[in-house]
Amino acid sequence: MADNGDEDSQYRIKEGDYVVLKRGDIYKAVQIQPKKKVIFEKQWFFLDNAVGHLYSTTFEIVSGVLQLRKPKESESSTDAKEAGTDNRNIVDDGKSQKLTRDDIEGLKEQGLKDQEIIQQLIDNSSTFKDKTEYAQEKYIKKKKKKYENTVMILKPSCRILAMMYHGREPGKICHLRYDTLAQMLTLGNIHAGSKVLVFETCAGLVLGAVMERMGGYGSVIQMYPGGEPVRAGVESFGFPAHFHDMLHEFPICHVNALLAGTLDTTAKDSSADSKQSSVAAEEKQPEAEQQGSPEEQSMETSSGADGSHDQEKEEKEKRKEAKAQERKVKLEEKRKKLAAAAALLEGRNADGLVIASRFHPCPVLMGLLKFLSPSRPFVVYSQYKEPLIECYTKLKEQGGTVSLRLTDTWLRHYQVLPNRTHPILLMSGGGGYLLSGTTVAMDRSKPAAGSQRAEEPTPKRLKLTETEG
């Protein structure tokens, strides 16, 4: 029974969990925190009452508080008794609805629920009965989307977060669509127990998807540009603590030094030291300003406030020491992480490479391919095909890869309803492009074979000229 309770607990909402709010096709990732106001679709509410309920539960928002929606209310629908044969005589002049905006706001203030407001709109519509059955369902669906006061709480997953980012902020993830992300995980052969290199600038979405697919087993090395890695998307997944033990980080600017064997992980970071010295200089400036002229100092000594100034100086010195100690600890942790990631990369036996960034992928791909073992897959995403065509050409010239494929992803949604099944007219124009392939070991010890092959056409031409003569 205890085991069943533990298994059930992972499907229940707990305080501190990261969840995804859903209403229709709109998503938002938030964290469950006590007495924290959340704003979603122009409505504010608290998530305290959601704790303890199962994921995928639908709640109703009543005065900023979540209340469990009863199944009867969710199942009840507005059934139209009368329906017209066609819509040819309906004129959309904006005068068919008798209720004004103020009347609808008044109904909301009276405490009427969304189903009751929709019923009032139907009763006060002069053209609703003349519409066809399909048009009536469409009208009700549209009004539900506008006046529905419910929210569903979902457990974060790769698919849900990809849909959320693509719907709300596609620019942050380089317009990476969720079906393209699924293809990347498949082409990259991401699985538990493997060692994967990830270079991405998609707010951590691709990195989180790789970690989710690996299930906490293996190792992921994030190659990041700039000073610190960006992992906002990884936090939204809400991974357990042991998932982060498999995650390593390595700056992309040190790749050439690592390949050349000149990377020193024990040396101090010069940029960090310069920052520390600049901070220390800034701290000394206010001290000099506080000391002031000798006349002011004599005035202070005459006033008998030496004891308070001494205490202030001691407190400032203690703060400086604490800050310096924190900086030392952070630098030491950064060095340890760099050394651990470098040790994993030095073996050059990675099992996969995934690249999805806003930068040009060609130099990054050529540098990181050297860390892969032979017969290992790699996949590169780009919103445009021209950078991938350049990568394809260079890989063909350089060699060391086989099964190179440049593909375009295409997705279309279908409406499946009785007598109304058809493709949805509004669809995504493009999901980006993928370049995938497999590494192979190159035999560079036989240069003569290539030269012999190059000289083969010459004797053939001679034979042809002899026969013609």
For this session: Check whether the ring centres of F128 and Y139 lie less than 6.0 Å apart, and answer yes or no.
Result: yes
Problem set entry | Sequence neighbours excluded - side-chain hydrogen bond (donor to acceptor under 3.5 Å, both in side chains) pairs with any residue from residues 235-262 | R231-E249
For this session: State whether the number of non-hydrogen atoms from other residues, nucleotides or ligands found under 6.0 Å of I39 atom CD1 is greater than 12.
Result: no
Exercise. With sequence neighbours left out, which residue pairs that include part of residues 366-384 fulfil the salt bridge (Lys or Arg N to Asp or Glu O under 4.0 Å) condition?
Worked result: D351-R376
Seminar exercise, completed: Those residues at least two apart in sequence (or on a different chain) that pass side chain to side chain donor-acceptor pair (under 3.5 Å) with E326 are none
Problem set entry | Set of residues satisfying side chain to side chain donor-acceptor pair (under 3.5 Å) with respect to N349, sequence neighbours excluded | K195
Problem set entry | Exceeds 12 heavy-atom contacts within 6.0 angstrom, atom CZ of R348 | yes
Problem set entry | Over all atoms of both residues, closest heavy-atom pair of G218 and M246 | O-CB, 3.3 Å
Problem set entry | All side chain to side chain contact (heavy atoms under 4.5 Å, CB included) counterparts of T409, not counting sequence neighbours | R177, D179, T180, Q183, L434
For this session: Any salt bridge (Lys or Arg N to Asp or Glu O under 4.0 Å) involving residues 397-408? Give me the pairs, sequence neighbours left out, ordered by first then second residue.
Result: none
Exercise. Pairs in or reaching into residues 417-438: which pass salt bridge (Lys or Arg N to Asp or Glu O under 4.0 Å), with residues at least two apart or in two chains?
Worked result: E137-R420
For this session: Check step by step if salt bridge (charged side-chain N to carboxylate O under 4.0 Å, His left out) holds for K336 and E333.
Result: CA-CA 5 Å; K336 287 180 179 179; E333 289 179 356; over 6 Å; no
Exercise. Should we count CG of D123 as having more than 12 external heavy atoms under 6.0 Å?
Worked result: yes
Problem set entry | Steps toward side chain to side chain contact (heavy atoms under 4.5 Å, CB included) verdict (L411, S428) | CA-CA 7 Å; L411 176 71; S428 176; 5.8 Å; no
For this session: For K138, enumerate each residue passing the side chain to side chain contact (heavy atoms under 4.5 Å, CB included) test, keeping only those at least two apart in sequence or located in another chain.
Result: none
Problem set entry | Pairs meeting criterion ring pair (Phe, Tyr, Trp, His ring centres under 6.0 Å) with involvement of residues 155-209, two or more places apart | none
Exercise. Which residue pairs pass the side-chain hydrogen bond (donor to acceptor under 3.5 Å, both in side chains) test when at least one of the two sits in residues 200-219, sequence neighbours left out?
Worked result: none
Exercise. Which residues satisfy the side chain to side chain contact (heavy atoms under 4.5 Å, CB included) test with K37, sequence neighbours excluded?
Worked result: W44, F46
For this session: Let me see the working for V20 and K28 under side chain to side chain contact (heavy atoms under 4.5 Å, CB included), right down to the final yes or no.
Result: CA-CA 5 Å; V20 177; K28 183 178 181 180; over 6 Å; no
For this session: Kindly determine whether L161 and Y18 satisfy side chain to side chain contact (heavy atoms under 4.5 Å, CB included), including the steps that lead there.
Result: CA-CA 11 Å; L161 291 176; Y18 284 89; over 6 Å; no
For this session: Verify, without hydrogens or angle tests, whether N49 (side chain) and L66 (backbone) share a donor-acceptor contact under 3.5 angstrom.
Result: yes
Exercise. side-chain hydrogen bond (donor to acceptor under 3.5 Å, both in side chains) with N149: which of R23, E60, Q43?
Worked result: Q43
Could you list the donor-acceptor pairs under 3.5 angstrom formed by side chains in residues 353-362, with sequence neighbours left out?
unit_1	atom_1	unit_2	atom_2	d
S357	OG	F359	N	3.3
H360	ND1	C362	N	3.2
H360	NE2	E390	OE1	3.2

